[in-house]
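One structure is given here, and the rest of the page talks about it.
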Amino acid sequence: MVVALGISGGIAAYKACEIIRGLDKAGVEVQTILSRGGARFITPLTLQTLSRNTVLSDRTGPGDGGAVRHIDLTRRIDVFAVAPATANFLAKFARGIADDFLSTFYISVTAPVVVAPAMNSRMWDHPATRENLAILKARGTRSLEPESGWLAEQEQGVGRLADPERIVQAILEEAEISSLLANLHVVVTAGPTREPLDPVRFRSNRSSGRMGFSLASAAARRGARVTLITGPVGLHTPRGVRRIDVESSAEMRKAVLESRADADAVIMAAAVSDYIPPRSEGKIKKGAAEIDLRLSRGPDILMELGQSRGSEILIGFAAETENLLDNARDKLARKNLDFIVANDISVPGIGMEAGENEVTILDREGNTHPVPRAPKEQIAGRILDHVFRGRSR
Ligand code: CTP
């Protein structure tokens, strides 16, 4: 296993030594990349001695094989980790700025990325840092949040680099999960659908798309080929995911039926509109005091998949406000699914629009598997790990 370890400028740079040691003990080859700031805190000689590898940095010129090594290395590595990651490097990674070796390396990498931020608590709390980290996480980057304690500036707060042992553990885990779903094609739907009333108006629902996007991201992190079919949402496309944007349920149906041909699993996390209004060609003008809107049943995409199933695993979601498990069981049977993920949307703080969820996974054999409340990114990983147990190729 090969890990590229980026070290950016901060007092915690010295802790990179422990990370290299931990990885080395686990039999991992480490290739360090030192930023200009990092080199003010730790010497290349230390890193070279511990990793038994030359150190890459801005000073690695084409003459040293730098330009070639950088692309060559992106192909060889299993994980790219950056510890410590400064506020500046999080910003560069989030925005794709490539003005030095480490940031240029980041935008060339396809391997899973782990960052361990370390900085003063004021910088950590700044909205710019929060936004940059949110972008990286949405892309599938694993972040080991800094710990709270005494900082170098003689004040207390959150900002200390996570424990090096935890960082080593996270890197090893990332490498391990990155091939769990290799060679599988996973189709995920997300978000709401919009059913047009006229050229300017539509009916829709409150789905944020986060559950579906988290599933797509988690599947890509596990090495799957992922097609994400999404209604209109304001979310960043996860790393390594092919995204197809749709609006109406009819468009979503078409995209799903096309993508399922060679799919190993279809996960319907989208909140598809059940009832469709008639569409007026021209804008509906204000006139009468009341107007009637007669809605007709639209396509039930998942039902259609269940009726014409091949060997793919079919996973549905059941958003319920009452009789959660009974209704979910009924949907699982009616739609001929392998699994259904039941979530109670009447509980405040979880489900639609929320960042967290708490679900129960039901299968055809009548088993129930509860997944306790957690951020949707974690719930997504647990759903995939449950559904694909023993099924990876
Ligand atoms: N679904 C679908 N097409 C629809 C409605 C739902 O493919 N027209 C899928 C959803 O993506 C989800 C599952 O079916 O995976 C269940 O969705 P849900 O809205 O909970 O159930 P419905 O079948 O719409 O039943 P009801 O609204 O009566 O609860």
Side-chain angles (χ1 to χ4, degrees), residues 2-16 19-20 30-48 51 53-120 122-144 146 152 159 161 167 171 174 236-240:
V2 183
V3 168
L5 177 66
I7 300 149
S8 56
I11 184 65
Y14 76 93
K15 293 189 185 165
I19 299 171
I20 298 169
V30 184
Q31 172 64 66
T32 52
I33 303 171
L34 188 59
S35 77
R36 215 170 325 129
R40 308 232 298 266
F41 291 92
I42 190 162
T43 71
L45 186 59
T46 311
L47 299 176
Q48 184 177 324
S51 67
N53 240 333
T54 51
V55 177
L56 296 173
S57 71
D58 294 351
R59 303 174 71 172
T60 320
D64 314 312
V68 183
R69 291 267 308 267
H70 132 244
I71 293 298
D72 179 44
L73 184 63
T74 57
R75 289 198 201 100
R76 285 205 309 131
I77 59 169
D78 297 283
V79 177
F80 175 38
V82 184
T86 58
N88 182 41
F89 271 94
L90 294 180
K92 291 208 239 187
F93 295 164
R95 302 294 162 185
I97 295 169
D99 62 353
D100 70 348
F101 197 99
L102 184 55
S103 54
T104 306
F105 188 76
Y106 170 81
I107 53 164
S108 327
V109 160
T110 49
V113 180
V114 176
V115 293
M119 63 198 72
N120 179 270
R122 292 161 212 237
M123 297 165 82
W124 173 247
D125 287 336
H126 196 283
T129 305
R130 320 259 24 111
E131 276 169 33
N132 291 330
L133 202 61
I135 292 174
L136 295 178
K137 282 187 187 172
R139 235 177 249 162
T141 298
R142 175 155 173 184
S143 166
L144 284 139
L161 185 73
I167 298 174
I171 293 171
E174 266 330 278
H236 296 279
T237 310
R239 190 75 205 272

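When Thr74, Asp78, Leu73 are each tested for a side chain to side chain contact (heavy atoms under 4.5 Å, CB included) with Arg76, only one passes: Leu73. When Ile7, Asn53, Leu56, Thr46 are each tested for a side chain to side chain contact (heavy atoms under 4.5 Å, CB included) with Thr32, only one passes: Ile7.
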Review point. Could you go step by step and tell me if Lys92 and Asp100 meet the side chain to side chain contact (heavy atoms under 4.5 Å, CB included) rule?
Key: CA-CA 10 Å; Lys92 291 208 239 187; Asp100 70 348; 3.6 Å; yes
Exercise for review: For Ile135 and Arg95, run side chain to side chain contact (heavy atoms under 4.5 Å, CB included): C-alpha distance rounded to whole Å, both residues' side-chain angles, the deciding distance at 0.1 Å, then the answer.
Suggested key: CA-CA 9 Å; Ile135 292 174; Arg95 302 294 162 185; 3.3 Å; yes
Practice item. Start with the C-alpha gap between Ile77 and Gln31, add the side-chain angles, then the distance that decides, and say whether side chain to side chain contact (heavy atoms under 4.5 Å, CB included) holds. Key: CA-CA 9 Å; Ile77 59 169; Gln31 172 64 66; 5.7 Å; no
Practice item. Take Ser35 and Phe101 through the test side chain to side chain contact (heavy atoms under 4.5 Å, CB included) and record every step on the way to the result. Key: CA-CA 7 Å; Ser35 77; Phe101 197 99; over 6 Å; no
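Inter-residue side-chain proximity for Ile167 and Lys15 is flagged as unmet; no heavy-atom pair is nearer than 4.5 Å. Ser8 is not listed as a side-chain neighbour of Asn88, based on a closest heavy-atom distance of 4.5 Å or more.
Between Tyr106 and Phe93, the two ring planes are parallel [angle under 30°; tilted spans 30° to 60°].
Remark: the backbone N or O of Ala94 is paired with a side-chain donor or acceptor of Arg139 at under 3.5 angstrom.
By the 6.0 Å contact criterion, CZ on Arg130 is enclosed, its count of non-hydrogen atoms from other residues, nucleotides or ligands being greater than 12.
One distance of note links CD of Glu174 with OG1 of Thr141; it measures 9.0 Å at 0.5 Å rounding. The distance from atom CG of Leu47 to atom OG1 of Thr54, rounded to the nearest 0.5 Å, is 11.0 Å. For the atom pair OG of Ser51 and CD1 of Ile20, the computed distance is 5.5 Å after rounding to the nearest 0.5 Å.
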